[in-house]
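For reference, the structure discussed in these notes is given below.
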Amino acid sequence: MVTKLRVLLQIAWRNLFASWLNVIIGLVILGGTFLVVVGGSALDSLDRSMSRSIIGSVSGDLQVYAASSKDKLSLFGQMGGGDADLTPIPSFARVKEVLMKVPNVRAVVPMGAANAIITSGNTVDVMLARLRDAQKRMQAGDASAKAEVDSLKAHVHHIVQVLKEDRKNADKLVDESAKDPRAEEAIERVSKDEFWAEFDQDPFGSLEYLENRIAPLLSDGQMAFLRYFGTDLDAFAQAFDRLQIVDGQMVPQGHRGMLLPKFFYEESFKLKHARRLDLIKEEIEENHATIAKNADLQRMVRENMTQPREILFQLDPLKTKEAAARLQKSLKTNETDLEKLLVQLFDTNDQNFQEHYRIFYSDLAPLLELYRLRIGDSIPIRTYSRSGYAHSANVKVWGTFNFKGLEKSPLAGVAAPMDLITFRELYGYMSPERRTELERIKQAAGAQDISREDAEAALFGGSGEDAAGTEGATTAIDEAALFDSGGAARAEETTFTQADIDNGIFINAAVMLKDPGALSQTIQDIQAASDANGLGLKVATWQEAAGIIGQFVQYLRYALYVIAIIIFLVAMLILSNAVLMATLQRVREIGTMRAIGAQRGFVRMMIAIETLALGTAFGGTGLALGAGLVALVGHSGIPAVSRQLYFFFGGPRWFPEVSVTNMVIAYGIVLVVSILSTLYPAMIATRVSPVVAMASDE
Amino acid sequence: MAAIVSISDVYKDYHLDKVVVPALRGITLDVHHGEFISIAGPSGSGKTTLLNLIGCVDTATRGVVSVAGQDTGKLPESKLTDLRLNTIGFIFQSFNLVAVLDVFQNVEFPLLLQGKLSAAERRKRVMGLLEQVGLANHARHRPSELSGGQRQRVAVARALVTQPQIVLADEPTANLDSTTGQNIIDLMRELNQKQGTTFIFSTHDPKVMKHAQAVVMIADGRITGRTTPEAAALHAAGGAH
């Protein structure tokens, strides 16, 4: 038997390279196994690195939410935008108590996510808010505030003069009819010294005039979408230990407030010029891009050169002079006009970029507000609840954060963690204080009606710019009303206890496990505990909870399987056909073997072993090549060239590993395909009669 | 002496589509141990069909074919295969060597199928035969590296390696030039005389026939006579005109 097998193997081996057809089939098999090994290993590694990212930054190992929810939990938001419709769960304390008794559960962190629109005011808005603040303090008897008021007044006056200058230039390009007489009038009035002389007689009236008429004329205001989630911040920081504070501090225990993702903070609040310089620097240093060759970088340089306004607006007359002097010296030029100096500063190329970058940060930046929102400031968060009510709250930003290893990933910090108490209010959860506050808001809304008429008139009669302006005006009034009523402002400063956090609604909760490997068992345990205690919870794995992003790898895997199956099906058909052809070519040989005493089983074996040899040889080569490639790449790692990749790679570099499972699977498939494809040819071969051996040649 | 091959009143029909083509029409023939006989007749006379029946690669439509005492019509396919393997050696018109195996392996092949001998015994047996057919120096050559005569000598060695009782050769010289064909027949005769193996070969070549002890003349599926080689050769030569 062994010797028989030996001669069969020998025949198989010799036949392997006897025909070009075999080599081609072999290459198909080789390609198939190569793909399965490389693709499978890559996806496995991607799955691992991504799970690190998602588990470590958003979801935890598992998520629980109300089983009665209409939609499925989707931590990154839903496909068509908007949030999943989830039923709030009334008491976190109860859920925590039950879940913590499940042996494998390490921590339970309550959560609830929502989207908000935040409007960061433009430069004048910021100035005016500060002016209002200083004015109040001055009236309250703070003597030091006087100097601040004067400086701010001078600054706003300066801005208006720059604005006027600007519009004079712009007017040359548009004809008379496109001008807005109300805007002209406002600028004219505010740029005159009389306005400022009269300012102190009615400071708040003047402020309101500036807020309503001047602020909207500056186009550098920003609207941003913010995704936030309410959570027990301390528990969150503990459970998600890759969280690190970058600027400012963690929200202190028992205090209201939020943290902003560092990436979001930079993108949304940093002075555009500075942000663009940072981005150019990063591209040059990390991706070895050059301004000369990269169109994106050229665009950023151009934008910096053509929009010096934003910087000019920020500087009062004194600082303008100082800035000009510093730039003159650093750029070694006689130019005195700051605008032209700025253009010169931002006109960067690959030779002078680093130098100009340094000048910007050492000379100019100290004179500027680099961030529109300072750490410690509050931002008005406005969100729409399911009931249709708009809820808003001023939420203090205590600091910015990111996740270790995912610093550059925008996805790892898509949502801003906020204290759960504020979240509940924004969610529409009616606390007693909230009820009374709502009354106040309604009153404020009554006052808003008047200005809405203005808005309509502007909408149907005026230019788009003006319409936007009136919108700004309503916002300003609304906020002013809120501030004056003091409700939100006071709520912002109240503190709360752990019991307040625990005894209240939440939407979903992250569950961290002691042993993440025992995922499916723990899901069952949690489900059982929930059912036994009537909590009505639904358990989702991190993949399910992360929605599309979490299942991204799963989809890729399906795609890979489909491709692999197609390849192998095709391989099987070709293989079967080729083996059949080879068999028919060898009818005489087979007939001879049968004549001199080979049984049918021997012939069947011969065909099977030949195809197996083909599969083994080429499949093995594909396997080795695939594993080799993965090992090679895994050794040095693949750098995350785009920001998005940081998240999928779980860090700046990705190290795929050879997966033994994938190799075994790939090899198994090859062998099965080989065997299957010989069935028919082998059957034909066994039917070859020994008589054919006796037939004479054609 | 008992006949090693005994054929009595055998008919063989072939079916071509719906037409029945009779190939053998009532053949009766005994071949005795140690004979060296030739089956002669024109193309289509039924020579090959008769050899197929004797060689157990085919079975009769009617009548009894008995080989080494076994009625082949009553044996299942696998038993017929065993009978071929252990009792009969084959030499084919176009040699039919396995192209991917070398000379030694080709000759060894039936022994591997038998699985009775050890590697050393096989080696001794194969090399001994290659010695006899004069190809001991070519043991590691592939068939494609040999001449036609050499290939047929390899086939002869392969046919004899299992020490069969009967060797069947279907037109063994048809693809060889006359000198080489002569040598093959001489070799067969020599082995027949030395080892007493029964040889049955078909041919239509008078020069080959004359080496036979007896010639069975066949035409239209019937035996027309059993004569001496000389008479047969005369007959064939006459018939050839």
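All chains are named by letter (A, B, ...) in the order of the sequence lines, taking the proteins before the strands, and each is independently numbered beginning at 1. Note that the coordinates shown come from a computational prediction; the quantities given were computed from them, not determined experimentally.
Side-chain contact between A:Thr592 and B:Arg158 is present, with at least one heavy-atom pair separated by less than 4.5 Å.
To the nearest 0.5 Å, atoms CZ (B:Phe109) and CD1 (A:Ile596) are separated by 5.5 Å. One distance of note links CG of B:Leu85 with CZ of A:Arg594; it measures 11.5 Å at 0.5 Å rounding.
Residue contact with chain A, scored on non-hydrogen atoms closer than 4.5 Å, involves the side chain of B:Thr48 exclusively. The part of B:Glu108 that comes within reach of chain A is its side chain, from C-beta onward, which places non-hydrogen atoms under 4.5 angstrom from that chain. Using a 4.5 Å cut-off between heavy atoms, B:Asp102 contacts chain A through its backbone alone, with no side-chain atom that close.
Residue-environment remark: CZ (B:Arg140) exceeds the threshold of 12 foreign heavy atoms within 6.0 Å. By the 6.0 Å contact criterion, CE on A:Met683 is enclosed, its count of non-hydrogen atoms from other residues, nucleotides or ligands being greater than 12. For B:Tyr14, the OH atom is densely surrounded, since the number of other residues' heavy atoms within 6.0 Å is greater than 12.
Scanning all heavy atoms of the two residues, the minimum distance from B:Leu113 to A:Ala598 falls at CD1-N, 3.6 Å.
Note on B:Val98, B:Asp58, B:Leu168, B:Leu83: by heavy-atom pairs under 4.5 Å with chain A, the leading option is B:Val98. Contact count against chain B (heavy-atom pairs under 4.5 Å) is highest for A:Gln599 among A:Arg600, A:Glu589, A:Gln599.
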